[in-house]
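Since the structure comes first, as C-alpha cells, the remarks are kept for the end.
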Amino acid sequence: EAGVAQSPRYKIIEKRQSVAFWCNPISGHATLYWYQQILGQGPKLLIQFQNNGVVDDSQLPKDRFSAERLKGVDSTLKIQPAKLEDSAVYLCASSTGLPRNTEAFFGQGTRLTVV
Amino acid sequence: GESVGLHLPTLSVQEGDNSIINCAYSNSASDYFIWYKQESGKGPQFIIDIRSNMDKRQGQRVTVLLNKTVKHLSLQIAATQPGDSAVYFCAENRDMRFGAGTRLTVKP
C-alpha cells in the first residue's frame, strides 16, 4: 500500500515569511498527526486529528501555527510568520486510530530551514 | 512534560553483540506501547509493539519487555548488525508523545 506522502521535501524561507506543508495519509486512516522534530531531539506532537476533528493541539503554538484537515483526508500545516527556531523537520503520520491509538506510519518529512 | 523518556542517549555496541535500549513511561493508563527506529533522513519506522496485558513480545531479532510495576520498557536486539544503527524511540498510545530517543551505533 502507498505510504504517507508529504511535500515539499525541503523548504528554505526567510524569517517572518509564511510556509505551508501538505500531507496525504494512508488511505482509510482516520487519525493524522503532525510532529515537529528539531535536530537531535525526538518528534514533538503538534496536533492530532481524528477524521476532520482536532483531538489534541495542546502543543501547537497557535499564535503562528495552524493546521486543517477539512475533508478528513489530507492535511496542511501552516506557519505564519516563521521564526528561526521553527527550523526543523515536520513529520506527518497516520494510523487507523481504532479502537485507540495504534501504530503510526510516518512520512519522510519536510525539512524547513528558516534563515 | 513528556510522558516517555529514555535512560541513555547513546549506545555503542560491537557487531554481533546484543543491544538493550531502555525506556520509562509515566502514564499508568497507557495500554499500548510502540518502538520506532529512525534512520538518518527518514521518518520513524515501526519495529514492534506490545499491549499492557503482555510482559514480553518477540519479533525477528527483536524482543520488547514490559514491566508495568516500574513503568519500564526495553527493546532487545539480538546479533546487532550495522543496519541497526539508528535512533530508537518508544511511544505510548495515550498521547503518542516521544522521548528524546537513544542513538544506537554498531561498530563493525
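The sequence lines fix the lettering, A, B, ..., with proteins before strands; numbering per chain opens at 1.
- Looking at Gln38(B), only its side chain comes within 4.5 Å of chain A, counting heavy atoms on both sides.
- For the residue pair Gly41(B) and Arg9(A), the shortest heavy atom distance occurs at O-NH2, 3.0 Å.
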Using distance only, find each side-chain donor-acceptor pair of residues 60-67 of chain A under 3.5 Å and give its atom names and separation, not counting sequence neighbours.
residue	atom	partner	partner atom	Å
Lys62(A)	NZ	Asp57(A)	O	2.7
Arg64(A)	NH1	Pro81(A)	O	2.9
Arg64(A)	NH1	Asp86(A)	OD2	2.5
Arg64(A)	NH2	Asp86(A)	OD1	2.9
Arg64(A)	NH2	Asp86(A)	OD2	3.4

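- Counted within 6.0 Å of CG on Leu84(A), heavy atoms from surrounding residues, nucleotides or ligands total more than 12; the atom is thus considered enclosed.
- Remark: Gln108(A) pairs with no residue by the side chain to side chain donor-acceptor pair (under 3.5 Å) rule, at least two apart or across chains.
- Following chains of ILVMFWY side-chain contacts shorter than 4.5 Å, one can reach Trp34(A) starting from Val54(A), so the two form part of one hydrophobic cluster.
- Other residues, nucleotides and ligands contribute only 12 or fewer heavy atoms inside 6.0 Å of the CD atom of Gln80(A).
- Heavy-atom minimum distance, Met96(B) versus Tyr35(A): O-OH, 2.6 Å.
- Residue Gln6(A): no heavy atom, backbone or side chain, is found under 4.5 Å from chain B.
- Ile26(A) and Phe49(A) are members of different hydrophobic clusters when ILVMFWY side chains are connected at heavy-atom separations under 4.5 Å.
- Residues satisfying the ring pair (Phe, Tyr, Trp, His ring centres under 6.0 Å) criterion with Tyr90(A), sequence neighbours excluded, are Phe21(A).
- Residues of residues 40-47 of chain A placed with any heavy atom under 4.5 Å of a heavy atom in chain B are listed by number as Gln41(A), Gly42(A), Pro43(A), Leu45(A).
- In terms of heavy atoms, Leu91(A) sits closest to Gly43(B) at CD2-CA, 4.0 Å.
- The 12-atom threshold is not exceeded at CD of Gln45(B), counting heavy atoms of other residues, nucleotides or ligands nearer than 6.0 Å.
- The 12-atom threshold is exceeded at NZ of Lys68(B), counting heavy atoms of other residues, nucleotides or ligands nearer than 6.0 Å.
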**Request:** Please report the C-alpha distance between Tyr32(B) and Glu103(A) in whole Å, then the side-chain angles of each, then the deciding distance to 0.1 Å, and finally whether the side-chain contact (heavy atoms from CB on, under 4.5 Å) criterion is met.
**Result:** CA-CA 9 Å; Tyr32(B) 178 69; Glu103(A) 65 171 291; 3.9 Å; yes

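- Note: Ala104(A) leads Ala104(A), Cys92(A), Gly109(A) in heavy-atom pairs under 4.5 Å with chain B.
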